[in-house]
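Here the structure comes first, spelled out in structure tokens, and everything after it is commentary.
Here is the naming used below: chain letters follow the sequence lines, and residue numbers restart at 1 for every chain.
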Protein chains: 2
Amino acid sequence: MKSVNLKKLAEELNLSVATVSRALNDRYDISQATKDRVRELANKLNYEPNPYASSLRRQRSKTIGVVIPEVANHFFSLAINGIEEVARNNNYHVLVYLTHEDYQQEASIVRLLAGGRVDGVLLSVASTSHDLGHLDMLRERGIPMVFFDRVYDDMATAKVTTDDYDSGYRATRHLLEVGCRSIAHLTLSPSLSISRRRMQGYIDALRDAGVPFDESLVLQGGTNRTQDIDAIEQLLRQRRIDGIFASIESLAMCSYEACHNLGLRIPQDVKVIGFSNLEIASLLDPPLTTITQPAYSIGKEAARLLFQAITKNRPISLGHSQELKSELVIRASTSLEQSQARAAALAAYCVRRPAHYTENALASDPAPLQGF
Amino acid sequence: MKSVNLKKLAEELNLSVATVSRALNDRYDISQATKDRVRELANKLNYEPNPYASSLRRQRSKTIGVVIPEVANHFFSLAINGIEEVARNNNYHVLVYLTHEDYQQEASIVRLLAGGRVDGVLLSVASTSHDLGHLDMLRERGIPMVFFDRVYDDMATAKVTTDDYDSGYRATRHLLEVGCRSIAHLTLSPSLSISRRRMQGYIDALRDAGVPFDESLVLQGGTNRTQDIDAIEQLLRQRRIDGIFASIESLAMCSYEACHNLGLRIPQDVKVIGFSNLEIASLLDPPLTTITQPAYSIGKEAARLLFQAITKNRPISLGHSQELKSELVIRASTSLEQSQARAAALAAYCVRRPAHYTENALASDPAPLQGF
DNA sequence: TCATGTTCCGTAAACGTTTACGTAAATAAA
DNA sequence: TTTATTTACGTAAACGTTTACGGAACATGA
């Protein structure tokens with residue numbers, strides 16, 4: 001029941017506590033013979049140093065905090081995987097906190113962490129977070145932080161993100177290329193960095209194709225599943241929509257449900273593309289065209305940056321930020337239906353666009369795209 | 001940069017450190033006026049108590065450890081969700097560790113935790129773990145532990161599991177009822193509690209239906225995705241298989257891939273049922289019949305039990321174990337194909353079985369099932 | 001011989017809290 | 001008044017490490 005500590009080892013070996021400590025830490029001023037004796041007994045008694053005493057004395061917790069909106073989301077699961085791996089390789093421990101997309105919770109968690117519980121923080125901001133005042137404490141206390149995926153633009157620290165603007169642009173352009181002209185955009189809170197960038201890509205792609213941007217085709221969701229489905233159904237009933245671009249995984253899934261409920265066929269009636277990290281996107285009915293983020297790498301990279309700051313004791317700056325590339329994986333949910341004359345006609349237009357993106361490999365004879 | 005501590009507060013207020021500490025902890029022997037003064041300054045200076053000093057002194061870390069095989073698995077994600085919620089409600093912190101299904105890692109993680117880093121442990125054992133020697137340290141140190149989902153049977157501590165035997169039985173019987181007679185069983189390591197129970201349910205269901213158990217129809221997988229797919233394809237080529245019962249989610253997905261690769265139709269050629277916690281099982285092609293575990297509740301319940309042990313300081317016993325019920329959700333991947341004469345004939349047999357399970361609601365005129 | 005250096009270990013303070021114990025002042029009881 | 005009790009706070013030890021400092025023992029060089 002009682003745990004073995006340095007004092008016990010010291011008594012047993014007729015040594016001082018200090019000597020035992022130094023022996024275990026392999027200090028130069030302890031003889032090899034003593035080190036061997038100490039280690040042998042430590043192993044025999046299953047000695048484990050008390051982490052809290054050690055942290056208190058060394059002013060170093062060997063722990064990092066990971067703050068994410070939710071874990072039941074493949075992106076964050078994969079990211080945690082990468083983070084945990086890097087942490088363990090550095091003999092660090094990982095505290096996980098969920099904000100449930102709530103600013104208040106995010107703030108109170110950060111406040112806890114700023115109390116010295118962790119040596120560094122990895123954060124992906126909640127969708128309802130509107131300002132970054134709660135992060136000042138971390139800076140004041142000198143606790144390094146790295147954002148991943150969802151960031152605050154005006155915070156001077158490293159961020160690991162993906163090419164969200166490009167991804168939004170490419171996703172939208174892909175829908176345009178397969179004939180969509182009335183494209184709904186499903187997004188999270190517009191206060192979110194990723195939402196803004198993806199939406200800007202969407203808007204610019206529309207503009208470049210000469211399709212007017214219609215604000216009423218932008219739907220904000222992501223909180224409640226059934227609520228999201230309802231809202232999408234309503235949008236699909238009100239407007240003649242032939243394409244959906246979902247900014248997060250769950251909204252793509254809700255789109256499937258909504259289309260199913262309304263008897264709309266994918267991709268014949270509505271084409272769907274969504275951000276998603278599900279490996280089983282290809283097993284859906286129909287297989288979902290996705291923007292897939294390198295979630296695991298994002299986690300690893302963010303953790304790597306954080307550990308550089310922690311171990312080198314060098315302040316982390318904006319300059320260390322990284323932007324990784326997402327991948328557009330085209331599947332049946334946005335495929336052209338040969339059987340449909342209209343779609344075919346559209347295809348004729350679409351494949352004529354210049355093909356400087358890889359996903360345009362199917363394009364044959366480039367020519368300018370005209371408005372529809 | 002420098003953090004504010006009790007000493008600083010005490011100096012500022014002309015009080016002793018002890019008084020400040022007691023004021024903040026709302027002790028009875030401090031005047032209300034002093035408490036107010038102390039709290040005001042603490043708030044003003046954003047004082048946060050040093051958790052490591054506190055843990056060291058109180059011999060209580062306010063932290064629990066969660067050890068799971070992986071996080072990129074919907075079951076564990078949901079469980080963590082439940083765990084984190086309960087932990088936060090109790091003002092506890094959650095350390096997450098991944099074993100990657102590796103016994104060595106599990107052992108070294110547990111050894112770390114036994115060093116006093118946590119007040120309690122929630123563990124779901126790795127598939128390659130063969131003995132529980134590494135868990136002795138937790139018992140010796142008096143650190144309570146609760147197993148969830150994957151347990152060691154011969155360890156005298158609380159476990160939160162699901163009705164794996166029943167689930168295996170019901171899944172298999174369902175396949176039998178829709179006409180399958182050559183049912184493959186895809187499983188993880190047989191050393192795993194859940195695997196053994198689900199398999200026993202499978203075996204007993206076969207026996208009760210008069211279908212001989214064929215060991216060569218049992219396939220062990222779960223490590224590597226492409227490897228799993230290959231193995232399943234091989235099995236499907238070698239044997240005439242009309243049903244697949246996957247003991248874990250990933251193996252059901254691999255079965256879909258394998259069938260797809262071989263041009264086998266689900267459910268016409270092969271019917272598939274799998275354990276899974278994906279909400280989007282209904283969006284697969286075809287929608288997957290699942291055994292769905294109450295993952296979130298399992299996490300919550302396990303955490304609840306653990307906190308009872310921690311707060312009440314009462315040793316946790318086998319008697320506190322809980323078994324929750326999984327749900328069989330029938331979807332198209334196991335549906336009878338009316339268009340197929342053979343299937344229809346089978347159906348005639350199958351629906352005659354006694355209907356004491358809810359999922360048998362469709363049964364009309366009960367009669368004994370004969371071997372096929 | 002003494003001075004100097006090296007090797008190896010002990011003493012004690014420190015990290016920031018919590019808490020057992022003591023005590024002065026104020027109040028109540030006698 | 002004296003004595004007992006309560007109130008409100010301070011003193012100091014403790015939690016288990018780490019580490020600055022010092023010093024004994026021994027070896028080395030002159």
Exercise. Is there a side-chain polar atom (N or O) of B/Tyr47 under 4.0 Å from OP1 or OP2 of C/dT17?
Worked result: yes

Problem set entry | Length of the CG-C1' vector between A/Leu9 and D/dT17, whole Å | 12 Å

For this session: Could you check whether B/Asn5 gets within reach of a base, just the sugar-phosphate, or nothing at all, counting any heavy atom under 4.0 Å?
Result: sugar-phosphate

Exercise. Between the side chain of A/Tyr152 and the main-chain N/O of A/Asp131, is any donor-acceptor distance below 3.5 Å?
Worked result: yes

For this session: Look at all strands and tell whether A/Asn50 reaches a base, only sugar-phosphate, or nothing, counting heavy atoms closer than 4.0 Å.
Result: sugar-phosphate

For this session: Could you check whether A/Arg27 gets within reach of a base, just the sugar-phosphate, or nothing at all, counting any heavy atom under 4.0 Å?
Result: sugar-phosphate

Exercise. Within the structure shown, what part of the strands sits under 4.0 Å from A/Ser55 by heavy-atom distance: base, sugar-phosphate, or nothing?
Worked result: nothing

Exercise. Within the distance-only criterion (no hydrogens, no angle test), does the side chain of A/Ser54 pair as donor or acceptor with the backbone N or O of A/Asn50 below 3.5 angstrom?
Worked result: no

Exercise. For A/Asp29 and D/dA20, what is the distance between atoms CG and P respectively, to the nearest whole Å?
Worked result: 11 Å

For this session: Choose from D/dC9, C/dT17, D/dT18 the nucleotide whose nearest atom is closest to any side-chain atom of B/Thr19.
Result: D/dC9

Exercise. Mapping B/Ala18 and A/Arg58 onto DNA chain D by nearest heavy atom, which one lands closer to the 5' end?
Worked result: B/Ala18

For this session: Find the distance B/Lys62:NZ to D/dC15:P and express it as a whole number of Å.
Result: 22 Å

For this session: Flag the pair A/Arg150 and A/Glu101 as a salt bridge only when some basic side-chain nitrogen lies within less than 4.0 angstrom of an acidic carboxylate oxygen.
Result: yes

For this session: Would you indicate what B/Ser21 reaches in the nucleic acid, counting non-hydrogen atoms under 4.0 angstrom: base, sugar-phosphate, or nothing?
Result: base

Seminar exercise, completed: Of the candidates D/dC15, D/dT18, C/dT18, the side chain of A/Leu6 sits closest to D/dT18

For this session: Rounded to the nearest angstrom, tell me the gap between atom CZ in B/Arg22 and atom C1' in D/dA8.
Result: 9 Å

Exercise. Once you round it to whole Å, what is the distance between P of C/dT18 and OH of A/Tyr52?
Worked result: 15 Å

Problem set entry | N/O donor-acceptor pair under 3.5 Å between B/Ser124 side chain and B/Phe148 backbone | yes

For this session: Take atom CZ of B/Arg57 and atom P of C/dA14, then tell me their distance rounded to the nearest Å.
Result: 19 Å

Exercise. Between D/dT17, D/dG10, C/dT17, which nucleotide has the shortest distance from any of its atoms to the side chain of A/Pro49?
Worked result: D/dT17

For this session: Just call it for B/Tyr28: base, sugar-phosphate, or nothing, with non-hydrogen atoms closer than 4.0 Å on any strand.
Result: nothing

Exercise. Can you tell me how far the CZ atom of B/Arg27 sits from the CG atom of B/Asp29, to the nearest 0.5 Å?
Worked result: 8.0 Å

